[in-house]
Amino acid sequence: MRSAQTLARSPDDLSDLEDEFAFSVVEGLSKARKTLPCRYFYDARGSELFEEITRLPEYYPTRTEAGILETHAAEIVEGIEERGLLVEFGSGSSLKTEILLDRIAARVAYVPIDVSDAALADAKARLAQRYPHLDVRPIVADFSDPVTLPDDLAARRKTGFFPGSTIGNLPPQDARRLLAVFGRVLGAGSRLIIGIDLKKAPRTLVRAYNDAAGVTAAFNLNLLERINRELGGTFDGGAFRHEAIYDPREGRIEMHLVSEREQEVDLCGRRFHFRDGESIHTENSYKYSVEQFRELARASGWQPQRVWTDVANQFSVHELVWM
Ligand code: AVJ
């Protein structure tokens, strides 16, 4: 006899899961190769841990990109004219944006786009202190949503800003589609300033995602704790270990959570089985050469213009134009 629980629902019937997080988790853990979407790393605890990651000695991207923006700020903002519009996709705390706004706050309006209402409110309050005359118009949305810009600002010359190598989380095909969405949101004649991490020695990459202090491990494992907290999951965090590997063929860092024994985990009225050594693939972080990224931009309809890198060639900031 089959148990009542099995009879109640077939394993791939997700119709009871109205919550987006619950749906994604059940869907990802039901696959032959288990996955969880990396966008769910960023609950309150996860965001704190990510902030901590950005300050780690091994995690070079954040400080390297900030250095590039500082060093070349005058050139980067050259294309932003009087009464321009700066649109940031996934703006979060808007901290890096200040490097640009310090030079252009008097001549632009700023549209930060982020899923977090709270982050936008915090950023707006801080920016109002620092730039009392800056017109800030937050939009609550996912950065991949084809948003409509405020009517009274729509005629302005626009510069998009997408720092942080966030686009590296997407496989190239999806990255191309996202760039095309940005093009359509911003419109003809617009520019995009976008940061992307560069290919480099695998051991440097692996260290950046497997730091000695274990902060990235805690960041990765927090996803299981979040599932326990929010979905009533029964994950034993101590029975999974963090793993970061570089796949040179795909040109990407992969993060995994590897089951250290055979075990069962219950959540949302389902039971998931883990073999000893079975992994949950939690994140991809694609790395590009400067030329590969320019080619990706071209394929999505953007025209690559100037590129800025640091002296060690670790990270790149690209200027693209949408025709
Ligand atoms: C925020 C997506 C750019 O891929 O480097 C950092 C996220 N994951 N350490 C990255 C991350 C593990 C980060 N991004």
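Atoms within each ligand, like the ligands themselves, are counted from 1 in listed order.
One finds the CG atom of D266 at 10.0 Å from the CZ atom of F235 (value rounded to the nearest 0.5 Å). Of the inter-residue distances, the one linking F89 atom CZ with I113 atom CD1 reads 5.0 Å to the nearest 0.5 angstrom. For the atom pair CD of E88 and CZ of F161, the computed distance is 5.5 Å after rounding to the nearest 0.5 Å. To the nearest 0.5 Å, the span separating OG on S94 from CG on L127 amounts to 5.5 Å. In this structure, CZ in R226 is found 8.5 Å from CG in N222, a value given to the nearest 0.5 Å.
The N/O atoms of S285, backbone and side chain alike, include one that comes under 3.5 Å of an N/O atom in ligand 1. Polar contact with ligand 1: present for Y209 (N/O pair, distance under 3.5 Å).
For G164, the heavy-atom gap to ligand 1 drops under 4.0 angstrom. Using a 4.0 Å cutoff on heavy atoms, G168 does not count as a contact of ligand 1.
Less than 4.0 angstrom separates some heavy atom of S165 from each of these atoms of ligand 1: 3 (C). Near N169, the atoms of ligand 1 lying under 4.0 angstrom from a non-hydrogen atom of the residue are 2 (C), 4 (O).
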Check: Where do R270 and D13 land on the salt bridge (charged side-chain N to carboxylate O under 4.0 Å, His left out) test, with the steps shown first?
Finding: CA-CA 11 Å; R270 285 128 171 114; D13 175 6; 5.8 Å; no
Notebook entry, point to check: Is there a side-chain hydrogen bond (donor to acceptor under 3.5 Å, both in side chains) between K287 and Q292 once you walk through the steps?
Noted result: CA-CA 9 Å; K287 310 303 172 184; Q292 277 175 335; over 6 Å; no
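Of the protein's non-hydrogen atoms, the one nearest atom 7 (C) of ligand 1 is E283 OE2, 3.4 Å.
Of the heavy atoms in Y42, only side-chain atoms (C-beta onward) come closer than 4.0 Å to ligand 1. Contact annotation: for Y59 versus ligand 1, heavy atoms closer than 4.0 Å belong to the side chain alone.
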